[in-house]
Amino acid sequence: MSDQDKLKAQRHSLAHIMAYAVQTLWPEAKFGVGPVVENGFYYDIDLGETKISEEDFKKIETAMRQIINKDYPFEQFNLPVKEALDWAKKNKQPYKEELLNDLMRAGTTSAKDLDGAELGLPSGDSKVEDVSFYKCGDFTDLCRGPHAPSTGKTGAFKLMRIAGAYWRGKEGNPQMQRLYGVAFDTKEQLAAHLTMLEEAKKRDHRKLGVELDLFTFSDLVGPGLPLFTPRGTTIRTQLETFSQELQQAGGYERVWIPHISRSELYKVSGHYDKYPERFMVSSIESDDEFMMKPMNCPHHSQIYASKSRSYRDLPIRYMENTTIYRDEKHGELHGLSRVRAISQDDSHAFVRPDQIKDELSSIMGMVRDMYAILGLEWHAVLSLRDDSDKYLGDEKIWKTAEKALREVLIEQNVEHTIGEGDAAFYGPKIDIMVRDGLGREWQCATEQLDFVQPERFGLEYIDEKGNKQRPVMVHKALLGSVERFMSVYIEHTAGRFPVWVAPEQIRISSVNQEKATLDFVAKLREEAIKHDLRVVVDNGNESVGKKIRDAEKAKVPYMLVVGEKEIESGDVTPRIRGDLQVQEPQAMPYENFFKSVRNEAKSRVSRSSL
RNA sequence: GCCGAAGUAGCUCAGUGGUAGAGCGGCUGUUUUGUAAACAGCGGGUCGCAGGUUCAAAUCCUGUCUUCGGCUCCA
């Protein structure tokens with residue numbers, strides 16, 4: 001058994017032990033499922049009116065330790081399904097009963113597979129006759145296993161939190177209480193994991209957003225509507241400009257569209273009924289119904305449609321940094337990761353079918369350039385169609401497009417996974433997944449083909465024979481959502497932005513407040529601004545130690561401490577932020593220093609060359 | 001939206017029925033500082049909001065808004 005399998009068995013066993021403990025404390029508990037998850041396990045429990053709170057954790061953990069100390073063996077046995085059902089009924093476990101019924105009917109308990117089963121896909125021979133049980137002490141549970149040999153061999157654990165979860169994830173179902181725990185083979189590993197969580201908390205973008213003065217929320221403005229301060233806006237602008245430059249090099253042209261439209265636009269595009277989270281805008285003056293745009297493609301399509309296009313004009317590529325608005329469910333909002341005003345570096349290219357491959361290839365090149373410079377880890381997910389009939393558009397074009405997407409990934413040697421059946425109804429796509437500070441994956445960049453909107457909007461071009469043809473639309477975003485990207489990027493860098501992104505690149509701090517010092521500081525500031533650098537002066541009446549501490553806390557890349565020494569020599573000795581420092585800082589003429597920082601910013605390097 | 005928790009000064013938090021507090025930040029003054037916190041003083045809060053209970057509410061109750069941890073969905 002591999003270490004990984006062993007750990008999984010331990011975690012799964014702990015889920016049973018936790019359920020056992022809960023059963024001891026609340027004998028009326030009805031159990032749902034108790035699987036292994038990343039770093040630990042959970043169990044869904046229905047206690048009716050009784051609410052478990054975090055104060056109960058100690059009690060539950062104590063009960064679990066007692067079970068662990070008894071070192072009960074995990075004994076596996078099989079029962080015919082019918083007898084298992086009797087067991088579930090006798091023990092008043094309706095959820096287990098439901099699972100058993102599913103097993104008998106479809107051979108699986110996975111809700112996802114069951115949807116298929118209802119459609120008549122997998123069934124028949126997968127039905128089971130015997131089901132597996134595990135018993136430890138007085139606790140017996142329907143379970144496929146595997147388990148640790150005994151309750152004493154389950155490693156180190158800690159209960160983490162309690163949360164509501166719907167039975168089988170369906171909103172209409174009863175809500176159960178989900179008890180989460182983390183577990184590792186050794187105490188040391190558990191401690192390391194808990195330390196990692198503490199570290200991750202420190203770089204939480206919401207916390208850093210306040211500490212570094214990047215963005216804020218206002219109850220009056222509304223939830224999910226971030227307001228960016230000057231510093232935060234600098235970061236946004238740098239990222240958006242970077243994206244824009246990459247796209248301009250790829251032949252994209254900037255356009256501009258309003259943020260509302262007649263609802264009719266989205267009725268034609270087909271999005272109207274598919275977007276219950278749309279924001280409506282009423283108007284007294286007009287009978288038309290208006291809405292905030294929940295996406296940009298319909299607007300962009302109307303720029304394309306504004307005149308007749310020749311096959312020679314294609315590809316036509318529009319790009320825009322713009323904001324869309326979605327009334328996301330209240331409980332879903334999360335810092336900058338999930339907001340209601342979503343800014344995107346969105347673009348739409350209108351191409352001939354024979355240009356699909358080249359366009360996709362060029363986009364993948366931009367993605368690679370961008371994420372290499374940003375220093376983020378990523379991989380691609382290719383979403384293709386399956387055999388079902390939910391897809392719209394010509395099957396031949398689908399095949400060509402899917403082949404092109406695959407080839408681009410292989411030719412450019414991009415690490416990727418494939419999701420058969422994950423394609424949108426309008427076309428296949430590649431999503432770029434980026435990992436954040438907590439190891440969570442976020443979708444950032446995306447390139448998607450769309451065969452449906454050109455159809456719905458009647459987009460055309462005239463081919464070389466004078467016939468009307470339908471272009472294909474390629475949706476693309478490099479950063480994806482700027483807000484979400486910033487949340488990932490802030491956590492990735494822990495607020496230590498590279499010089500080209502840093503809101504404040506240089507801080508100049510005076511040693512004293514004598515006129516000569518202040519004059520020299522002013523001169524340096526002017527010089528820095530001439531070099532296109534973002535500079536902040538600190539002439540405050542504070543000790544040098546305090547000023548350094550302040551600059552460090554603000555995570556400023558370079559700091560100049562200016563006093564008599566600097567005035568006399570005309571040289572500066574930069575104090576370099578730890579992560580940028582490759583060698584001891586050296587005194588140099590200030591012009592050289594500013595030139596060097598400017599070059600570092602211009603070339604968008606993430607490491608200092610000083 | 002649902003389940004659970006929380007909301008006190010710009011930030012971090014103390015205060016559990018009887019006159020709203022601390023540290024940091026801010027402002028003013030003293031000091032004129034050399035590589036991670038000089039000293040002193042002064043400001044600053046309808047205790048998220050609205051009702052209710054009470055002689056009296058930050059504290060108890062109800063509603064509501066926002067935030068946090070999850071569920072579900074998603075850029």
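The figures that follow rest on heavy atoms only: side chains count, while hydrogens, waters and symmetry mates do not. By convention in this document, chain letters (A, B, ...) are assigned in the order of the sequence lines, proteins followed by strands, and residues within each chain are numbered from 1.
Between K547(A) and I162(A), the residue anchored nearer the 5' end of RNA chain B, judged by the nucleotide with its closest heavy atom, is K547(A).
For the OP1/OP2 pair of C3(B) and a distance below 4.0 Å, the side-chain nitrogens and oxygens of R178(A) include no atom meeting the criterion. In this model, the phosphate group of A75(B) is not approached by any side-chain N or O of S481(A) to a distance below 4.0 Å at OP1 or OP2. Regarding contacts with the backbone of C73(B), every side-chain N or O of Y166(A) stays at 4.0 angstrom or more from both OP1 and OP2. Within the 4.0 Å cut-off from OP1 or OP2 of U67(B), not a single side-chain nitrogen or oxygen of H334(A) is found.
Across all non-hydrogen atoms, the minimal contact from A445(A) to L478(A) is CB-O, 3.0 Å.
With both ends at atom C1', the span from U62(B) to U53(B) equals 11 Å, rounded to whole Å. Only the C1' atoms considered, U46(B) is 12 Å distant from U8(B), to the nearest whole Å. Nucleotides G15(B) and U59(B), compared at atom P, are 15 Å apart to the nearest Å. Taking atom P in both G43(B) and A50(B), the straight-line distance is 27 Å, to the nearest Å. With both ends at atom P, the span from A6(B) to G63(B) equals 15 Å, rounded to whole Å. As rounded to the nearest Å, A9(B) and G26(B) have C1' atoms that lie 11 Å from one another. Nucleotides A56(B) and C13(B) place their P atoms 34 Å apart, quoted to the nearest Å. Comparing A40(B) with A36(B), their P atoms sit 23 Å apart, to the nearest whole Å.
Contact annotation: side chain of E514(A) to base of U32(B), donor-acceptor pair absent below 3.5 Å. Side-chain atoms of E332(A) come within donor-acceptor range of the base of C71(B), with a qualifying N/O pair under 3.5 Å. For E566(A) and G34(B), a side-chain-to-base donor-acceptor distance below 3.5 Å is present, hydrogens and geometry of angles not being considered.
If you check G34(B), A75(B), U66(B) against the side chain of V339(A), the one that comes closest is A75(B). Distance from the side chain of R326(A) is smallest for A75(B) among the nucleotides U67(B), A75(B), G69(B). The side chain of E328(A) approaches A75(B) more closely than any other nucleotide in the set U32(B), A75(B), C71(B). Of the candidate nucleotides C68(B), G1(B), U33(B), U33(B) has the atom nearest to the side chain of N512(A). Counting only heavy atoms from C-beta on, V544(A) has its side chain closest to U33(B) among U33(B), U32(B), C73(B). Residue V210(A) has its side chain nearest to C11(B) when only C11(B), G70(B), C74(B) are considered. Listed candidates were U33(B), A36(B), U66(B). Nearest to the side chain of E552(A) is A36(B).
Looking at heavy-atom distances under 4.0 Å, L333(A) makes contact with sugar-phosphate atoms alone, never a base. Counting any heavy atom pair closer than 4.0 Å across all strands shown, R575(A) reaches a base atom. Counting non-hydrogen atoms under 4.0 angstrom, F217(A) reaches nothing in the nucleic acid. The residue V482(A) sits apart from the nucleic acid: no heavy atom pair falls under 4.0 Å. At a threshold of 4.0 angstrom between heavy atoms, the contacts of Q443(A) are confined to the sugar-phosphate backbone, with no base atom among them. If you check every strand for non-hydrogen atoms under 4.0 Å, G480(A) touches nothing. Within the 4.0 angstrom heavy-atom criterion, base atoms lie near R338(A). Residue contacts for E564(A): at a heavy-atom cut-off of 4.0 Å it reaches a base atom on one of the strands shown. Within 4.0 Å (heavy atoms only), G335(A) reaches sugar-phosphate atoms of the nucleic acid but no base atom.
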What are the atom names and distances for every N/O pair under 3.5 Å that joins the protein to nucleotides 22-29 of chain B?
from	atom 1	to	atom 2	distance (Å)
G25(B)	OP1	K546(A)	NZ	2.8

With a 3.5 Å cut-off and sequence neighbours excluded, list the donor-acceptor pairs that the side chains of residues 211-218 of chain A form with protein atoms.
from	atom 1	to	atom 2	distance (Å)
E211(A)	OE2	K207(A)	NZ	3.1
S218(A)	OG	L220(A)	N	3.0
S218(A)	OG	V221(A)	N	3.1

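Atoms CG and CD, from D550(A) and E542(A) in turn, are 7.0 Å apart once rounded to the nearest 0.5 Å.
Identified under the salt bridge (Lys or Arg N to Asp or Glu O under 4.0 Å) test for residues 217-232 of chain A, with sequence neighbours left out: R231(A)-E504(A).
Scanning for salt bridge (charged side-chain N to carboxylate O under 4.0 Å, His left out) contacts around R525(A) gives an empty result, with sequence neighbours left out. The salt bridge (charged side-chain N to carboxylate O under 4.0 Å, His left out) search around E320(A) returns none, not counting sequence neighbours. Take Y95(A) and apply the ring pair (Phe, Tyr, Trp, His ring centres under 6.0 Å) test, not counting sequence neighbours, and it matches W167(A). A search for salt bridge (charged side-chain N to carboxylate O under 4.0 Å, His left out) contacts involving D345(A) returns nothing, not counting sequence neighbours. Every residue was checked against the salt bridge (charged side-chain N to carboxylate O under 4.0 Å, His left out) condition with D538(A), not counting sequence neighbours, and none meets it.
The partner of A37(B), taking Watson-Crick or G-U wobble pairs whose two distances both stay under 3.5 Å, does not exist in any strand shown. The pairing partner recorded for G21(B) is C13(B), the criterion being a Watson-Crick or G-U wobble arrangement whose two distances lie under 3.5 angstrom. Pairing for C49(B) is with G63(B), a Watson-Crick or G-U wobble pair whose two hydrogen-bonding atom distances lie under 3.5 Å. Remark: C42(B) base-pairs with G26(B); criterion is Watson-Crick or G-U wobble with both hydrogen-bond distances under 3.5 Å.
S243(A) and Q247(A) form a side-chain donor-acceptor contact under 3.5 Å, judged by distance and modelled atom types alone. For the residue pair Q344(A) / N296(A), a side-chain donor-acceptor distance below 3.5 Å is found, with atom types taken as modelled. Donor-acceptor pairing under 3.5 Å is lacking for the side chains of Q453(A) and S269(A).
Whole-Å rounding puts the R206(A) CZ to C11(B) P distance at 16 Å.
Contacts between residues 377-385 of chain A and RNA chain B, counted as heavy-atom distances below 4.0 Å, involve no residue at all.
By the 6.0 Å contact criterion, CD on Q513(A) is enclosed, its count of non-hydrogen atoms from other residues, nucleotides or ligands being greater than 12.
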